[in-house]
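In what follows, a single structure is set out as structure tokens and then discussed.
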There are 2 protein chains.
Amino acid sequence: MSTPAAPAHHRPLRADARRNRERILDAARAVFAESGLDAQMEDLARRAGVGVGTVYRHFPTKEALVDALVEDYFAQLDAEARQALEVADPWEAFAGYIWRAAELLGHNRALVQVTADGQMREGAERQGLHETIGRLIERAQRAGVLRPDVGSDDVPMIMCSIGRVQMLGGAAGAEGWRRHLAIMLDGLRTASATPLPD
Amino acid sequence: MSTPAAPAHHRPLRADARRNRERILDAARAVFAESGLDAQMEDLARRAGVGVGTVYRHFPTKEALVDALVEDYFAQLDAEARQALEVADPWEAFAGYIWRAAELLGHNRALVQVTADGQMREGAERQGLHETIGRLIERAQRAGVLRPDVGSDDVPMIMCSIGRVQMLGGAAGAEGWRRHLAIMLDGLRTASATPLPD
DNA sequence: TGACAACCGGAATCGTCCTTCCGTATAGTC
DNA sequence: GACTATACGGAAGGACGATTCCGGTTGTCA
């Protein structure tokens, strides 16, 4: 979708190759979302209707393929964050972004695993997102609706923890994470602020 | 430590076997805490100063070994919860338990992985803990210091999410989880309650 | 249509563990 | 001190998955 095609300074791909590349990405999205990082390359290939060899001609390693999807995810987050900046109410803007980001995460098992493996690598996109979030936070804090002692570094932590809760099967149900996030957000409102440790 | 020795209805272990069993458990605690579930049996054996074969004579599979440690962990949680019940201030009792449980979790990488793999299997001990936590919650709610719309099912979710944050490397630092938990607890206080979804 | 580079499928390869097996060593006993 | 049931070490076996390789296809262009 927002994934860039092959590098521009290469001769264009042959039609079948281009088609396969798309199929592979689609299959990857589906398989990794469902089964997480340990989805197998062969399943992925079967799902895409190609041989494993073909997958490897387009993406040198499994990791590279995952990276492509992660990139995609951050691009979406970035878009959400920018849109949030347009929302009038500062709390709605901030909380709304968090909710939407969580929703995005909740649909993808592999994403939770990757972001939680503590990677959180930098990268231009990631940096920009971080700043946008910083702006959302500042705005809410200036409006006095968000506790003043949190910063944009707390957001990845929140996303990480929500992701984890989303992966919990059965018991609390796949929907329990909404309760969890609601509580967390209540904890972020100024009204409830108690001094944070450190 | 609190791990029961081999089943009582077996003839007692030979002295060297008993000693090795302890060494293996110690090594397992250390290795799994450090490296998580994918610590390797051979490393563990080396650390214990025995051969892999010996590890397998004491524990039929890697999983069994992990289970033993998990059992241990829940026993500790159980003890903490009972002690918390003795604390006079209802909020201190509840929050104190959560903090201590988190502290326990934070020292063990494998534990986080296991509990988060959504297992949360039942078992007498698990059941008892669940009830004790229920009592802690009720007490705090009756005292009006804990939001009335949470239940003991929310606690595993909280532990899970905290565990995840604890595993985050670098950036927010290994200590960021305290901030996170503090915020969560603020969200749990009655003062901040906003209706929960569902 | 013919020629050829670009592609493809999927069997075979390689690595990484967990687990098993068996010859050897030793605690416990007479 | 000798005997034997137990226990030990660590090499070998097996399973599973990512990645590589190469003989066979198929777009593309003249």
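Here the structure is a predicted model, which means the values were calculated and not measured. Chain letters run A, B, ... following the sequence lines, proteins first and then strands; every chain starts at 1.
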What are the two closest heavy atoms between [X] and [Y], and how far apart are they?
| X | Y | value |
| --- | --- | --- |
| A:His107 | A:Glu103 | CD2-O, 3.2 Å |
| A:Ile158 | B:His180 | CA-CE1, 3.8 Å |
| B:Leu168 | A:Thr115 | CD2-O, 4.1 Å |
| B:Leu65 | B:Val55 | CD2-CG1, 4.2 Å |
| A:Pro156 | A:Ser152 | CD-O, 3.1 Å |

Check this for me, if you would: do [X] and [Y] make a salt bridge, where the nitrogen-to-carboxylate-oxygen distance has to be below 4.0 angstrom?
| X | Y | value |
| --- | --- | --- |
| B:Asp26 | B:Arg29 | yes |
| B:Arg142 | B:Glu138 | yes |
| B:Arg46 | B:Asp43 | yes |

Round to the nearest Å and state the distance from [X] atom [atom1] to [N] atom [atom2].
| X | N | atom1 | atom2 | value |
| --- | --- | --- | --- | --- |
| A:Asp43 | C:dG10 | CG | C1' | 15 Å |
| A:His58 | C:dC7 | NE2 | P | 8 Å |
| A:Ile24 | C:dC7 | CD1 | P | 12 Å |
| B:Arg18 | C:dA27 | CZ | P | 13 Å |

**Study point:** End axis versus end axis in the helix from C:dT1-D:dA30 to C:dC30-D:dG1, the angle rounded to 10°, five pairs used at each terminus
**Key:** 10°
Review point. Are B:Val31 and B:Val50 connected in a single hydrophobic cluster, I mean Ile/Leu/Val/Met/Phe/Trp/Tyr linked by side-chain heavy atoms less than 4.5 Å apart?
Key: no
Would you tabulate the nitrogen or oxygen pairs shorter than 3.5 Å linking the protein to nucleotides 20-26 of chain C?
unit_1, atom_1, unit_2, atom_2, d
C:dT26, O2, B:Arg14, NH1, 3.3

Side-chain donor-acceptor pairs of residues 79-97 of chain A under 3.5 Å, sequence neighbours excluded:
unit_1, atom_1, unit_2, atom_2, d
A:Glu80, OE1, A:Arg100, NE, 3.2
A:Arg82, NE, A:Asp78, OD2, 3.1
A:Arg82, NH2, A:Asp78, OD2, 3.3
A:Asp89, OD1, A:Trp91, N, 2.8
A:Asp89, OD1, A:Glu92, N, 2.7

Point to revise | side chain to side chain contact (heavy atoms under 4.5 Å, CB included) against B:Glu71, all qualifying residues, sequence neighbours excluded | key: B:Glu125, B:Arg126
Review point. If you find the nucleotide of DNA chain C closest to B:Thr61 and the one closest to A:Gly49, which residue's nucleotide is nearer the 5' end?
Key: A:Gly49
Polar atoms only, N or O, under 3.5 Å: list the protein pairs with nucleotides 14-17 of chain C and their distances.
unit_1, atom_1, unit_2, atom_2, d
C:dC17, OP2, B:Gln40, OE1, 3.0

Review point. Is a side-chain donor or acceptor of B:Lys62 paired with a backbone partner of B:Gln40 at a separation under 3.5 angstrom?
Key: no
Revision key, fill the gap. Contact span of DNA chain D against chain A, any nucleotide atom under 4.0 Å from a heavy atom, 5' to 3', runs D:dG17 to D:dT28
Check your understanding: For A:Val155, which of A:Ile133, A:Val150, A:Leu136 qualifies under side chain to side chain contact (heavy atoms under 4.5 Å, CB included)?
Key -> A:Ile133
